[in-house]
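Heads up: the structure comes next, in structure tokens.
Just so you know, ligand 1 is whichever comes first in the structure, and atom 1 is the first atom listed for that ligand.
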Amino acid sequence: MNGSPEAPERPIRAITRLMHPAKKREGEDTPYVEPRPFSPDCLRPRRTRFSFDLDDVPNYWVGGSPARTHLFNSINVFLVPFEEFMVRVLSDQGQRLDDPELRRQIRGFCGQEANHARAHQIFLDTLRAQGHDVDGFLHFADAMFSRVLERGLGRDLSLAAIAGFEHLTAFLAEFILDGEMLAQAPPALQELWKWHAAEELEHKALAFDLLRHVNGSYPLRIAGGALGAGIVFGFLGIGMALLFTEEGILFERRTLRETLELFFTRDKILTRSIPVMLDYLRPGFHPSQRDTRGMAERMFAQVELQVAEDVPRAA
Ligand SMILES: [Fe+2]
Ligand SMILES: [Fe+2]
């Protein structure tokens, strides 16, 4: 993941370095998200500050459940290299465009994804400190995205895969913002995932719009949709299986029961995603047709309220 010292700096690192993460105020360990209203027509990254104290993060930090915890842990691991991949592909596409408005939106999108990757990278250190050997999976995912997808698929199919991935990511974002699964999670992790989910809803149409702009082929969009779905569920499943295996609980009855509940019978992540994926096949589909504005607006309104309430305490 980190590469050799001689390796050229990747775009994501350059972007992240330029963003100047918020300075930590003295005596303040609470997570911080810069308050700014939902604005899909003017994408910009919000400054954030996250730290995940090992004492505050139990091994099974999602309600004491191994399956639910490793669902989020697994996504956390493969998101870091995938978001780096998205930044590279979209930055490259953006440089080829004449449309200044679309270029500005791409910069906002890349800034948000770079920021997400940086925040999830911080949590990777917590997972390592908990004893999880996440680096093998991280290297595997990074190699798949950078060598197989980026170099093997070409520019337009990579972008189509990202548009498909973003469609399913928006579904997962709704699952996070609309559900109760993280209600018992440590506050910093609730903030991390809710902020990320709300920004995913904010920029959910950008990759799709860019794909339509550069290549409006329907078969290309559908191939990308299939690839995106394969990436989300493939890497999510591989990551969870590796984490279960590492802990020696892969074939335990509780693990199997919780996993079935998660995907098929209680939370129904996989079952509920099927109509969402089928919707992507409609020739007239556009991400904005699914109204998710309210839940993202509520999340950003909460952030504004929290920050406003923090001011007198900090003064
Ligand atoms: Fe993201
Ligand atoms: Fe995204």
Side-chain angles (χ1 to χ4, degrees), residues 10-13 15-16 19 21 33-34 36 38-48 50 71-91 93-94 102 105-124 138 141-142 145 149 158-177 182 189-211 224-225 227-229 231-232 235-236 239 273 276 280 286-288 290 292-293 295-296 299-300 303:
R10 289 178 173 178
I12 184 174
R13 297 204 178 111
I15 290 169
T16 305
M19 280 168 48
V33 175
E34 180 187 358
R36 190 162 351 107
F38 178 79
S39 53
D41 297 329
C42 182
L43 297 174
R44 277 168 56 204
R46 290 168 180 81
R47 291 183 307 146
T48 60
F50 290 106
L71 168 81
F72 284 94
N73 287 346
S74 170
I75 298 174
N76 191 104
V77 177
F78 81 79
L79 267 184
V80 173
F82 195 82
E83 287 178 325
E84 291 182 354
F85 161 71
M86 287 199 283
V87 171
R88 291 193 298 272
V89 171
L90 268 83
S91 299
Q93 291 276 8
L102 195 49
Q105 285 288 79
I106 291 170
R107 280 198 297 277
F109 175 96
C110 289
Q112 290 191 343
E113 294 294 12
N115 219 4
H116 300 166
R118 186 179 62 79
H120 286 286
Q121 201 136 26
I122 295 170
F123 188 65
L124 285 182
L138 199 58
D142 190 38
F145 301 146
L149 295 190
S158 290
L159 177 60
I162 289 171
F165 179 92
E166 287 286 282
H167 176 57
L168 263 184
T169 306
F171 160 73
L172 291 174
E174 283 185 60
F175 176 80
I176 289 168
L177 291 176
L182 289 177
L189 283 153
Q190 288 190 40
E191 289 297 313
L192 169 74
W193 284 99
K194 287 182 176 180
W195 154 72
H196 189 164
E199 285 196 348
E200 287 303 322
L201 295 182
E202 189 173 46
H203 72 221
K204 69 177 181 177
L206 190 275
F208 187 90
D209 287 340
L210 177 58
L211 178 65
L227 267 169
I231 291 165
V232 171
F235 280 89
L236 197 159
S273 74
V276 174
Y280 200 71
H286 188 270
S288 63
R290 191 170 171 88
T292 52
R293 188 179 184 102
M295 66 177 75
M299 163 59 195
F300 291 128
V303 168

Are Phe72 and Phe123 close enough that their ring centres sit under 6.0 Å apart?
->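 No: the rings miss the under 6.0 Å criterion.
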Over all atoms of both residues, closest heavy-atom pair of Ser273 and Leu168 =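 Nearest heavy atoms, Ser273 then Leu168: CB-CD2, 4.2 Å.
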Minimum heavy-atom distance Cys110-Val87, with the two atoms named =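 Smallest interatomic distance, heavy atoms only, reads O-CG2, 3.7 Å.
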Counting only protein N/O/S, how many atoms fall short of 2.8 Å from the Fe ion (ligand 1)?
->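 Under the 2.8 Å cut-off, the count stands at 5.
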Going by atom types alone, do His203 and Glu113 pair a side-chain donor with an acceptor below 3.5 Å?
->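 Side chains of His203 and Glu113: pair found under 3.5 Å.
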Thinking salt bridges, do Glu202 and Arg46 make one under a 4.0 Å N-O criterion?
-> yes
Ignoring hydrogens and angles, tell me if any N or O in the side chain of Gln112 forms a donor-acceptor pair with the backbone of Arg44 under 3.5 Å.
->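 Yes; judged by distance alone, with no hydrogens or angles, the pair exists.
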